[in-house]
Amino acid sequence: MRTFVLIASLAACKPGGVSSAQEVCAKASAMFDKCEDFGSAAPLERELMVDRWRGLCRAVFTGETKQLMPNALELYNALDEGSRAGLKIQAECTSKASTCLAYHACDQ
């Protein structure tokens with residue numbers, strides 16, 4: 001059993017296993033989680049907002065929407081091409097940020 005778990009773990013870590021879009025969106029959503037004010041949102045509600053942002057991010061990079069929850073899909077479909085391009089640029093910027101000051105500078 002341990003051998004199977006080890007082999008499965010190694011297979012999951014193979015190079016190229018994570019797309020650049022996934023990496024950018026993971027970093028961008030981590031900064032979103034760290035730097036945004038979620039007010040009085042409960043922890044689960046906060047996680048859902050971060051997950052929605054991550055899903056929208058991946059969708060603007062890949063065009064793939066099957067991972068989106070219905071409300072995020074509706075939001076994505078309502079975005080015009082210019083807004084999608086802007087969201088992509090913002091995600092690229094925020095994924096490079098290492099401080100909240102740098103994160104908020106991406107809004108400019």
Side-chain angles (χ1 to χ4, degrees):
M1 180 66 175
R2 285 185 186 178
T3 304
F4 175 74
V5 172
L6 177 61
I7 292 171
S9 297
L10 291 174
C13 294
K14 69 179 181 178
V18 175
S19 72
S20 61
Q22 288 173 317
E23 186 176 343
V24 166
C25 294
K27 290 177 180 178
S29 63
M31 291 306 293
F32 175 75
D33 187 27
K34 177 181 176 182
C35 300
E36 287 296 325
D37 179 10
F38 293 93
S40 61
L44 179 59
E45 189 177 12
R46 179 183 179 128
E47 183 56 38
L48 287 172
M49 286 187 261
V50 172
D51 188 56
R52 180 170 64 175
W53 162 241
R54 188 180 307 113
L56 284 171
C57 179
R58 286 192 309 253
V60 298
F61 277 93
T62 66
E64 180 59 55
T65 59
K66 69 181 178 185
Q67 81 280 0
L68 296 176
M69 293 182 277
N71 61 348
L73 179 59
E74 183 179 329
L75 178 59
Y76 176 81
N77 287 332
L79 295 173
D80 61 26
E81 287 303 314
S83 297
R84 290 178 187 172
L87 188 58
K88 187 176 181 180
I89 291 167
Q90 184 177 17
E92 289 170 337
C93 180
T94 59
S95 72
K96 296 173 187 166
S98 58
T99 66
C100 289
L101 185 61
Y103 169 84
H104 288 295
C106 293
D107 289 339
Q108 306 306 321

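Numbers here simply count residues along the sequence, with the first being 1.
For Val24 against Ala91, the heavy-atom pair with the smallest separation is CG1-O, 3.8 Å. Glu64 and Lys66 make their closest contact through OE2-CG, 2.9 Å (heavy atoms, listed as atom of the first residue, atom of the second, distance). Closest approach of Arg58 to Cys25, counting heavy atoms only: N-SG, 3.3 Å. Between Ser29 and Arg54, the closest heavy-atom pair is OG-NE, 3.1 Å. Nearest heavy atoms, Glu92 versus Ser95: O-OG, 2.8 Å. For the residue pair Ala41 and Met49, the shortest heavy atom distance occurs at CB-CE, 3.6 Å.
Taking CD of Gln90 as the reference point, atom CD of Gln108 lies at 10.5 Å (rounded to 0.5 Å). Taking OG of Ser98 as the reference point, atom NZ of Lys27 lies at 11.5 Å (rounded to 0.5 Å). Here CD of Glu47 is found 9.0 Å from CZ of Phe38. Values are rounded to the nearest 0.5 Å. In this structure, Tyr103 OH and Glu36 CD are separated by 3.5 Å, a value rounded to the nearest 0.5 Å. Here the CZ-CG distance, from Arg46 to Asp51, works out to 14.0 Å after rounding to the nearest 0.5 Å. Taking OG of Ser83 as the start and CG of Leu75 as the end, the distance is 9.5 Å to the nearest 0.5 Å.
Leu56 and Leu48 end up in different hydrophobic clusters when Ile, Leu, Val, Met, Phe, Trp and Tyr side chains are linked at under 4.5 Å.
Using bins of under 30°, 30° to 60° and over 60° for the plane-to-plane angle, the ring pair Phe32/Trp53 lands in the tilted bin.
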Let me see the working for Arg52 and Tyr76 under side chain to side chain contact (heavy atoms under 4.5 Å, CB included), right down to the final yes or no. CA-CA 10 Å; Arg52 180 170 64 175; Tyr76 176 81; over 6 Å; no
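Thr65 contributes no side-chain N or O that, together with a main-chain N or O of Leu68, makes up a donor-acceptor pair within less than 3.5 Å.
Met69 places none of its side-chain heavy atoms less than 4.5 Å from the side chain of Glu74. Counting only heavy atoms from C-beta outward, the side chains of Lys88 and Arg84 never approach each other to under 4.5 Å.
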